[in-house]
Number of protein chains: 2
Amino acid sequence: MRRTEHLEEKLKHRFELIRHFYLTNKRMPSYSEMAELFGFSSKNAVFKTVNKLIDLGFLIKDEKKRLQFSSDPLSIRLIGSVKAGFPSFAEEELLDTVSLDRFLIDNPDSTFMLQVSGDSMVDAGIMPNDYVIVDRAKKPKNNDIVIAQVDGEWTMKYLKHTKDGYLLVAANDKYKPIKPKSELVIAGVVISVVRKYR
Amino acid sequence: MRRTEHLEEKLKHRFELIRHFYLTNKRMPSYSEMAELFGFSSKNAVFKTVNKLIDLGFLIKDEKKRLQFSSDPLSIRLIGSVKAGFPSFAEEELLDTVSLDRFLIDNPDSTFMLQVSGDSMVDAGIMPNDYVIVDRAKKPKNNDIVIAQVDGEWTMKYLKHTKDGYLLVAANDKYKPIKPKSELVIAGVVISVVRKYR
DNA sequence: TATTATAGTGAACATAAGTTCACTTGTAAA
DNA sequence: TTTACAAGTGAACTTATGTTCACTATAATA
């Protein structure tokens with residue numbers, strides 16, 4: 001049955017068009033908009049197409065009968081550990097999915113991403129050009145990695161509470177601990193590190 | 001004018017309710033749904049509230065007159081480098097915003113997240129319990145970090161092309177390079193590393 | 001006190017949404 | 001060829017959406 005394979009490819013392609021619309025417009029297209037996307041002149045053709053995509057499990061209708069993706073179009077599947085390896089094609093469907101945004105960020109309003117410029121935290125696995133995600137609203141605690149302004153300069157260091165005040169410690173023997181003289185402004189706590197290859 | 005301050009807090013709270021709805025339902029609430037959220041019995045009260053939020057710049061209407069957030073509710077602001085430090089409150093508004101999902105993931109369908117179990121890549125800044133993001137569709141190239149199944153076991157290593165075949169090299173002197181005997185299955189290429197503190 | 005603006009109500013409206021129906025076209029199988 | 005069915009058209013229908021209008025209640029201001 002080459003026919004149905006061809007059919008499913010067509011459907012899959014239309015699903016991709018819907019997804020693309022969603023990613024650029026951040027909302028579902030209406031049936032009229034889908035008609036444009038698919039090159040249809042009738043909404044009913046869209047209606048039938050969407051129903052097929054629902055039957056195939058790509059899309060669903062929520063409790064208010066609004067069209068949704070069955071799995072968030074930007075979420076990725078989560079595998080327990082490297083050692084466990086990759087599941088079979090059939091098992092893939094069973095995996096939990098995660099959105100990195102939701103996984104990493106609690107308070108978008110107070111959260112920033114900064115690019116790392118030096119090598120002062122390499123021993124903590126933070127390499128030059130990595131990105132760190134910083135929450136300004138979070139209370140800095142002992143041993144947290146913080147972004148601090150000390151004596152006029154901005155740095156990223158471990159924050160250590162000691163008997164005689166705060167200490168900023170690098171994760172690199174090249175750099176000596178800093179004991180703030182005049183002022184210590186802690187702008188935020190590093191809650192996450194992100195590295196992107198290539 | 002305590003009055004208007006109080007007013008803006010109320011509005012801000014209602015904006016938060018909309019955002020919360022969006023984050024849980026992955027779509028904008030309708031005006032009737034907002035009426036429920038706000039405790040109104042008239043859609044017109046919602047209409048006026050939404051218009052105020054539009055005036056204040058929290059929401060916008062797109063070219064098709066559909067309600068949208070002016071900035072993606074999960075995106076975070078991007079700062080050039082740690083050294084540059086944090087901008088002032090006024091300057092914050094001018095920063096670019098990024099969605100981590102969009103920033104890190106190109107092909108959600110072929111992308112997986114795995115938790116790192118060993119210390120074989122520490123010198124590359126990949127620590128135990130970090131997460132790696134792996135694209136199965138990407139062609140593995142020389143010096144890429146790959147997830148490979150070699151002689152029955154799954155590992156993460158640098159992939160090296162040599163004259164006499166492939167070599168899997170750890171980023172840790174403790175581990176010797178592996179030369180696959182029988183089989184080498186490369187399941188995917190590590191495109192990103194993510195670490196979450198606490 | 002009287003006045004004026006603001007927040008919310010409730011009904012009515014036009015529009016666009018998703019859906020249904022009857023029909024045509026093209027293609028695969030008998 | 002003939003048959004059967006899936007794919008798409010086009011119009012009609014229902015419902016829900018955002019919007020407008022006239023009105024009430026509340027609270028700040030003169």
Side-chain angles (χ1 to χ4, degrees), chain A residues 1-22 24-70 73, chain B residues 1-22 24-70 73:
Chain A
M1 281 179 180
R2 201 185 321 121
R3 178 81 188 286
T4 60
E5 280 173 32
H6 179 240
L7 175 71
E8 294 214 352
E9 271 192 33
K10 243 182 170 176
L11 273 174
K12 179 78 182 151
H13 174 244
R14 283 172 189 164
F15 175 72
E16 288 304 324
L17 291 174
I18 296 173
R19 173 146 80 177
H20 181 258
F21 184 100
Y22 181 85
T24 56
N25 297 84
K26 288 172 187 172
R27 62 173 176 84
M28 273 289 174
S30 71
Y31 283 26
S32 326
E33 287 169 327
M34 288 190 214
E36 258 190 73
L37 291 178
F38 302 162
F40 291 164
S41 61
S42 168
K43 281 195 295 175
N44 184 34
V46 175
F47 179 72
K48 290 178 182 173
T49 303
V50 166
N51 281 339
K52 276 176 207 155
L53 287 171
I54 291 173
D55 286 345
L56 291 174
F58 290 101
L59 300 172
I60 48 168
K61 293 243 174 177
D62 67 12
E63 51 306 333
K64 293 251 171 151
K65 297 187 175 181
R66 276 194 192 73
L67 200 60
Q68 299 262 195
F69 290 96
S70 20
Chain B
M1 282 180 181
R2 202 187 317 125
R3 178 82 189 282
T4 60
E5 279 172 32
H6 178 241
L7 175 71
E8 294 214 350
E9 270 192 34
K10 244 182 169 178
L11 272 174
K12 178 77 181 154
H13 174 244
R14 284 171 189 165
F15 176 72
E16 288 305 325
L17 291 174
I18 296 174
R19 174 146 78 176
H20 181 258
F21 184 101
Y22 181 85
T24 57
N25 297 83
K26 288 172 186 170
R27 62 174 176 83
M28 273 289 175
S30 71
Y31 283 25
S32 328
E33 288 169 326
M34 288 190 214
E36 259 190 71
L37 290 178
F38 302 162
F40 292 165
S41 61
S42 168
K43 282 194 295 175
N44 184 35
V46 174
F47 179 72
K48 290 177 182 172
T49 304
V50 166
N51 280 340
K52 275 176 207 155
L53 287 171
I54 291 173
D55 286 345
L56 291 173
F58 289 102
L59 299 172
I60 49 168
K61 292 242 176 181
D62 66 12
E63 50 308 330
K64 292 252 170 145
K65 296 188 174 177
R66 278 194 192 72
L67 200 59
Q68 300 262 194
F69 289 96
S70 20

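So you know, we letter chains A, B, ... as the sequences are listed, proteins then strands, and number each from 1.
- With rounding to whole Å, A:K10 atom NZ is found 14 Å from D:dA6 atom P.
- With sequence neighbours left out, A:K26 forms a salt bridge (Lys or Arg N to Asp or Glu O under 4.0 Å) with B:D72.
- As rounded to whole Å, 18 Å separates atom C1' of D:dA11 from atom CZ of A:F40.
- Counting only heavy atoms from C-beta outward, the side chains of B:I18 and B:F69 approach each other to under 4.5 Å.
- Going from atom CG of A:L67 over to atom P of D:dA16 covers 17 Å, rounded to whole Å.
- Considering only heavy atoms from C-beta on, A:H20 stays 4.5 Å or farther from A:N25 through its side chain.
- Contacts of A:R14 with the nucleic acid, taken as non-hydrogen atoms under 4.0 Å apart, involve only primed sugar atoms and P, OP1 or OP2.
- Counting to the nearest Å, the P atom of C:dA5 and the NZ atom of B:K52 are 15 Å from each other.
- To the nearest 0.5 Å, the span separating CG on B:L67 from CG on B:D62 amounts to 9.0 Å.
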What pairs of nitrogen or oxygen atoms, one from the protein and one from nucleotides 23-26 of chain D, lie under 3.5 Å apart?
none

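- Side-chain atoms of B:S70 do not come within 3.5 Å of backbone N or O of B:I60 as any donor-acceptor pair.
- Taking a pair as Watson-Crick or G-U wobble with both distances under 3.5 Å, DNA chain C forms stems of 3 or more consecutive pairs at C:1-30 with D:1-30.
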Only distances under 3.5 Å count here; give the side-chain donor-acceptor pairs of residues 31-42 of chain B to other protein atoms, sequence neighbours excluded, each with its distance to 0.1 Å.
| unit_1 | atom_1 | unit_2 | atom_2 | d |
| --- | --- | --- | --- | --- |
| B:Y31 | OH | B:K61 | NZ | 3.4 |
| B:E33 | OE1 | B:R27 | NH1 | 3.1 |
| B:E33 | OE1 | B:S30 | N | 2.7 |
| B:E33 | OE1 | B:S30 | OG | 3.4 |
| B:E33 | OE2 | B:R27 | NH2 | 3.0 |
| B:S42 | OG | B:N44 | N | 3.1 |

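- Partners of B:R19 under the side-chain hydrogen bond (donor to acceptor under 3.5 Å, both in side chains) rule, at least two apart in sequence or in another chain, are A:D109, B:E16.
- Put simply, NZ on B:K12 and CG on B:L17 are 11.5 Å apart, with the number rounded to the nearest 0.5 Å.
- One finds the CZ atom of A:F58 at 13.5 Å from the NZ atom of A:K52 (value rounded to the nearest 0.5 Å).
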Base-contact (B) and sugar-phosphate-only (S) positions in nucleotides 13-20 of chain C, heavy-atom cut-off under 4.0 Å, - elsewhere
----BBBB
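- Taking the six-membered ring for Trp, B:Y22 and B:F15 have ring centres at least 6.0 Å apart.
- When the C1' atom of D:dT17 is taken as reference, atom CE of B:M28 falls 15 Å away, rounded to whole Å.
- For C:dG8, the OP1/OP2 oxygens have no side-chain nitrogen or oxygen of B:S41 closer than 4.0 Å.
- Here the side chains of B:L11 and B:L53 are in contact, with some heavy-atom distance below 4.5 Å.
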